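Single-structure report; data block below.
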Amino acid sequence: MITEKKYIVQSNWKMHKTHSEAMDWIESLKKGASDLMERIELIICVPYVHLRAVSDATSHFSQISPGAQNVHWETSGAFTGEISAPMLADAGAQYCVVGHSERRDYFAENDEIVNCKSKLLLQSGINPIVCIGESIEQRNRALTFNQLERQAITCFEGLTEGEMNRTVVLYEPIWSIGTGNNATSQQAQEAHHFIRNMLERIFSKETAQATRIMYGGSVKTHNVEAIIKGEDIDGVGAGSGSLNIQDFLKIARSCSNYLQ
Ligand code: PGA
């Protein structure tokens with residue numbers, strides 16, 4: 001069953017890159033991605049202002065999917081400065097990150113909001129990438145699984161099996177984001193296995209198998225090979241380690257070689 005799934009290699013640019021930097025990166029990606037396995041899906045989550053340009057530039061590359069990094073929880077209205085799911089769809093987004101720990105920390109995003117945003121994205125034809133993960137305090141107190149379960153129950157509340165199949169789970173331990181302290185392959189696999197079992201309990205075995213669960217948090221060229229070894233790991237997401245296109249291509253190639 002797992003062999004049918006597309007394996008994800010995601011780049012989250014966060015608040016980086018001007019227009020010309022963005023386009024240079026994308027052009028190099030297009031040149032470098034041709035030797036990757038067909039089973040690899042490259043999801044590039046860019047700042048809103050680059051979405052249309054990235055989507056146009058990659059429209060003939062079926063392996064490359066543009067994504068956004070956030071969305072508002074209403075479809076329209078008086079929300080100055082915000083962007084809605086229909087607008088993202090219109091600009092070419094195929095994916096959108098929700099519940100990233102930076103949004104949870106700095107913008108008070110919680111699991112109820114993540115749930116609401118995910119439903120609106122799904123209605124607009126965009127696949128949500130839902131981030132869940134524990135803090136270092138929770139891990140040290142052996143509360144990792146409690147935290148993952150608590151987050152998942154609320155984030156996925158009310159989703160149909162079909163909607164869950166389209167949703168990507170991004171396991172990102174908070175202590176690993178931007179710190180250089182990636183989870184070991186064993187820690188990542190344990191968490192992914194727990195999440196898959198939980199999806200089986202909440203939804204069904206089929207949905208648990210079909211849902212892609214990816215790991216994020218200090219993924220770099222030097223550690224990706226170890227991280228991807230776990231059998232429940234369906235992809236990786238890189239932030240700082242992907243800002244340089246050659247590094248991102250190296251990460252993608254490591255995944256491609258591993259799948260061969
Ligand atoms: P990082 O960020 O790779 O810089 O740790 C990952 C993320 O926030 O998705």
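In listed order, ligands and their atoms are each counted from 1. Computed from a prediction, not measured in an experiment: that's the story for all the values here. For the numbers below, each heavy atom of this structure counts, side chains included, while hydrogens, waters and symmetry mates do not.
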_Set of residues that line ligand 1, where lining means a heavy atom lies under 4.0 Å from it_ = N12, K14, H100, E172, S176, I177, G178, G217, S218, A238, G239, S240
*Between R201 and E149, does at least one N-O distance fall below 4.0 Å, as a salt bridge requires?*
yes
_For I126 versus A93, what's the shortest heavy-atom pair and its separation?_
CG1-O, 3.6 Å
Pairs touching [range] that satisfy side chain to side chain donor-acceptor pair (under 3.5 Å), sequence neighbours left out:
range	result
residues 244-254	D35-R253
residues 120-132	N127-R166
residues 77-93	none

_I need the single residue from K6, R212, R196 that forms a salt bridge (Lys or Arg N to Asp or Glu O under 4.0 Å) with D234. Which is it?_
R196
